[in-house]
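Only one structure is covered here, and it is reproduced in the block below.
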Amino acid sequence: MTRPRGPRARRSPQGLGAAAPVLALCWTAVFFDGFDVMVYGAVMPYMLDDAGFGLDPAAAGTIGSWTTFGMLLGALGAGNTMDWFGRRPMTVACVVVFSVGSGVCALATDPVSFGAGRLLAGLGLGGLLPTCLAVVAEFAPAGRVALATGVLMTAYHAGGMTATGIGMAVAPSHGWRWAFAAGVLPAVPAVLLLLLRMPESPAVLYSRGRADRAADTAGRYGLPLPGAADTPAGGVSGRLRAVADLVDAGRRRTTLLLWAASFCGLMLVYGVSTWLPQLMRSSGYGLGSSVSLLMVVNAGGIVGMLVAGKAAGRFGAAPVAGVWFALTAVSMLLLGTRPPLAVAYCVIALAGVWLFSAGTMVYAAAGRLYPPALRAPGIGWVTGVGRLGAVVSPWLGGVLVSQGREEWGFAVFALAGLVGAVTILLAAPRSRSGVSR
């Protein structure tokens, strides 16, 4: 294969620049991802109060774990195949799958069929995030990967706030099903936008022998021209070799620590997203106040993503993630003291600032710690293995609530924050030199 000749494209360090349209497309997709994830926690109290549906707290936690198990499978599948099938087809497929899953949930007649819909939605949701993260890491200017990742993940929280608002507005008077029906809406417009406007990865194009197209895309977005070292290996053997490279002697320690940090990050994200309203309600707060706190934590999440992205550009993604995890642990311990409602709102807002962006900076660190040829499978496995935390957390929350041990939930979340801080700081000890930015 002949490498295309011509001047090497330069990437501006001054902003997101030419990557902005790609970031906007991924932002739109992740917005609906956040909506679909958060809508379950937003309407869960109303579902539990729906006697005809037959959902109890233990079953609600189990269904939450089905969702995140589907996300685990989706993340691992996308991480291993997005280089093979291409970034754009994978993104489109994920949007379609989670939209169909939302439709199944809206029409479900019992907890089992509802759980099947959440499992299906989880497959699409789990595959979408690592795909968009890999796209943004590839197209973002050098030195701006953490910032671009933070901006991307504000979409998750904007979608979560929208889900909470729709749940509060619709569920009390029209029923919780309409909130899930709203999750079907992105299928047509989002798919059309992605098919028409989203570029394919230059490295993927180059690996398929389309060197001229790869050079054209690289030039248009200010990317370095891809070469053999940047090209993902093809075929099943290539995918297996990429996974083996992630845990070889030179990378095993870093990979395992990133997996542990991601586990803690997603345990926090999905535990809080699923159970915060019910935990606060059980702590003596009113139903309306408990659900509205979910909107507050997502508003804090948007601020946190932007602050963390800027801070990571200066100090490195791993140190910022470590500090953010530690602050999350402190916030969870404070919530466990059952503060007055006004104080709870303030603590929840600050928890949102630290909580969500801590895990996101783990992804940003992974995007810099792995070489280009391993970036997609590396991020896929970091998010995929992390989904085990997302599987455990909703189930564990259901067990605690069903046994009347809600006060332990905040202590468990605090412990996850502490472990996350330790593991991400150990994963990238050289981050001060900029390796994890």
Side-chain angles (χ1 to χ4, degrees), residues 23-44 64 67-68 70-71 74-75 91-92 94-103 105-106 117-118 121-133 135-136 148-171 176 178-191 193-194 265-266 268-270 272-274 276-277 291-306 309 349 352-353 355-357 359-360 363 383 387 390:
L23 179 58
L25 287 168
C26 291
W27 194 97
T28 301
V30 173
F31 172 89
F32 292 113
D33 184 316
F35 179 96
D36 207 288
V37 169
M38 296 288 184
V39 71
Y40 183 42
V43 302
M44 184 189 294
T67 309
T68 49
M71 290 179 175
T91 305
V92 170
C94 289
V95 171
V96 171
V97 169
F98 77 67
S99 297
V100 172
S102 293
C105 290
R118 292 302 288 170
L123 290 172
L125 296 168
L128 181 67
L129 186 56
T131 304
C132 288
L133 286 167
V135 170
V136 167
T149 302
V151 171
L152 173 68
M153 293 305 293
T154 63
Y156 181 93
H157 303 291
M161 290 178 67
T162 303
T164 303
I166 289 178
M168 293 176 65
V170 173
W176 54 265
W178 286 102
F180 289 98
V184 183
L185 298 178
V188 175
V191 165
L193 277 174
L194 292 168
L266 288 173
L268 284 164
V269 167
Y270 286 91
V272 170
S273 299
T274 302
L276 179 62
V291 173
S292 63
L293 285 171
L294 197 59
M295 182 173 288
V296 172
V297 77
N298 277 285
I302 293 177
V303 175
M305 291 298 173
L306 298 176
V353 172
L355 165 66
F356 298 102
S357 49
T360 297
Y363 305 147
T383 58
R387 296 291 177 187

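Side chains are part of it too, since the values below use all heavy atoms of this structure and drop only hydrogens, waters and symmetry mates.
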Can you name the side chain to side chain contact (heavy atoms under 4.5 Å, CB included) partners of T162, sequence neighbours left out? F31, F35, I166
T67 side, atom OG1; L125 side, atom CG - distance, nearest 0.5 Å: 8.5 Å
Do you know which two heavy atoms are closest between A181 and A106, and how far apart they sit? N-CB, 3.7 Å
Which atom names give the shortest non-hydrogen contact between G127 and C94, and what distance separates them? C-SG, 3.4 Å
Results of side chain to side chain contact (heavy atoms under 4.5 Å, CB included) for T154 - residues two or more places apart only: W27, I302, M305, L306
Any non-hydrogen side-chain atom of Y156 less than 4.5 Å from a side-chain atom of V269? yes
One should read off an interatomic distance between L128 CG and C26 SG, to the nearest 0.5 angstrom, of 8.0 Å
Just jot down the side chain to side chain contact (heavy atoms under 4.5 Å, CB included) partners of L193, sequence neighbours excluded, or say none. L25
Please list all pairs meeting salt bridge (Lys or Arg N to Asp or Glu O under 4.0 Å) that have one or both residues in residues 23-36, counting only residues at least two apart or in different chains. D36-R118
For the residue pair V43 and A179, what are the closest heavy atoms and their distance? CG1-CB, 3.8 Å
Residues two or more places apart in sequence or in another chain: which of them pass side-chain hydrogen bond (donor to acceptor under 3.5 Å, both in side chains) with S357? W324
Apply side-chain contact (heavy atoms from CB on, under 4.5 Å) to residues M71 and T383 and explain how you reach the verdict. CA-CA 9 Å; M71 290 179 175; T383 58; over 6 Å; no
Hits for ring-ring contact (aromatic ring centres under 6.0 Å, His included) against Y363, two or more places apart or cross-chain, chain-then-number order -> none
So which heavy atom on G124 is nearest to which on V97, and how close? N-CG1, 3.7 Å
Of the non-hydrogen atoms in C132 and A29, which two are nearest, and what is the gap between them? SG-CB, 4.3 Å
